[in-house]
Protein chains: 2
Amino acid sequence: MMKDKKQSDEECLQDMRHIQDTLYVISGKWKLPIIMSINNGNNRFREIARSIPKITLRMLSKELKELEMNKLIVRTVSDGSSILITYELTAYSKTLAPLIEEMKNWGKNHKAVITERAAV
Amino acid sequence: MMKDKKQSDEECLQDMRHIQDTLYVISGKWKLPIIMSINNGNNRFREIARSIPKITLRMLSKELKELEMNKLIVRTVSDGSSILITYELTAYSKTLAPLIEEMKNWGKNHKAVITERAAV
DNA sequence: ATCACTGATATACTTTAGTATACTGATTGT
DNA sequence: ACAATCAGTATACTAAAGTATATCAGTGAT
């Protein structure tokens, strides 16, 4: 009854949902730039904003919230003489590394594939 | 002069471009469903359309073109008694497999991470 | 007192992605 | 003759993503 050769439709659909979820978490124009910026040592709102050319405060605010909901960053409020808010990458965010590496390599190769002149 | 510890900004930007390129190739609502459908043996336009609930002919047409430009599928016109058009995955499209697998696994795990109740 | 900086939010707008629906011209079937 | 299927395209629309710009209250410096 061909059980292992082909997966069931339901399994296949579920796989697709997982893939689309992953895509959703990292796509959009600013998510990766924000992650990279924080990774490069920018931890405060205005600092991150300044480090990313053309981003608007509204988008930064919106994306930071989404990244926080997805547990990729943490927002910390520390109350000294004046209030201080910092954003940091979570340990969990590091689990994205292999995926990002794979995407980087695929994209690099893809550019070559697309650019290459067809041999006669 | 810390040459290998930290990458240059330019390198970093280029990496990001590659990543965004990869994202662009596979994102959108229908690209993966279309790839999966062809992979499951649907090779003709109407066949693919019927296999994907809710997709419109316009989107299918548009996405097939993009997938073809990105060399993930080939469109073949064979001229028998009547004309026959088939879509097939390219060998190159298989290079996406590790990436898709990684996204599937990350997404699956992420769902668990997000859903988990915080321990007191 | 005034100015600039902090971490944002609000409102209104444009652009891009996706939907809905009708239609074409050629072929095959009844 | 008529309907159905093929492989799409055209036009018009809605929804989602992103931009532009102004504003807020609190702190610190001049």
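Nearest heavy-atom pair, A/Ile85 versus A/Arg44, reported as atom, atom and distance to 0.1 Å: O-CG, 3.8 Å.
One atom, CD of B/Glu63, and another, P of C/dG18, lie 6 Å apart when rounded to the nearest Å. Counting to the nearest Å, the C1' atom of C/dA20 and the NZ atom of B/Lys54 are 12 Å from each other. In this structure, A/Lys31 atom NZ and D/dA16 atom C1' are separated by 12 Å, rounded to whole Å. Rounded to whole Å, atom P of C/dC5 lies 17 Å from atom CG of A/Leu84. Here C/dA8 presents its P atom at 13 Å from CG of A/Asn43, a figure rounded to the nearest Å. Between A/Trp30 atom CH2 and C/dT16 atom P the separation is 14 Å, expressed in whole Å. At whole-Å resolution of the value, NZ in A/Lys62 and C1' in C/dT11 are 16 Å apart. Distance, A/Leu57 CG to D/dA22 P: 13 Å, rounded to whole Å.
Between A/Ser61 and C/dA8, a side-chain N or O to OP1/OP2 separation shorter than 4.0 Å is absent. OP1 or OP2 of C/dT28 lies within a sub-4.0 Å distance of a side-chain N or O belonging to B/Ser82. Between C/dT19 and B/Lys29, a contact under 4.0 Å exists linking OP1 or OP2 to a side-chain N or O.
Between A/Tyr87 and A/Phe45, the ring-plane angle classifies as tilted under the 30° and 60° cut-offs.
With respect to B/Arg17 and B/Glu10, a salt bridge is recorded, a charged nitrogen being found less than 4.0 Å from a carboxylate O. A salt bridge does not link A/Lys65 with A/Glu68: every distance from a Lys NZ or Arg NE/NH1/NH2 to an Asp or Glu carboxylate oxygen is 4.0 Å or more.
Nearest-nucleotide mapping onto DNA chain D: of A/Thr56 and B/Arg44, the residue sitting toward the 5' end is B/Arg44. For the pair B/Tyr24 and A/Ile85, both in contact range of DNA chain C, the more 5′-proximal nearest nucleotide belongs to A/Ile85.
Applying the 6.0 Å contact sphere to NZ of A/Lys108 captures no more than 12 heavy atoms from other residues, nucleotides or ligands.
A donor-acceptor contact under 3.5 Å is formed by the side chain of B/Arg58 with the base of D/dT11. The base of D/dG8 lies close enough to the side chain of B/Arg46 for a donor and an acceptor atom to sit less than 3.5 Å apart.
The side chain of A/Arg75 lies closest to C/dG7, out of C/dG7, D/dG18, C/dT9.
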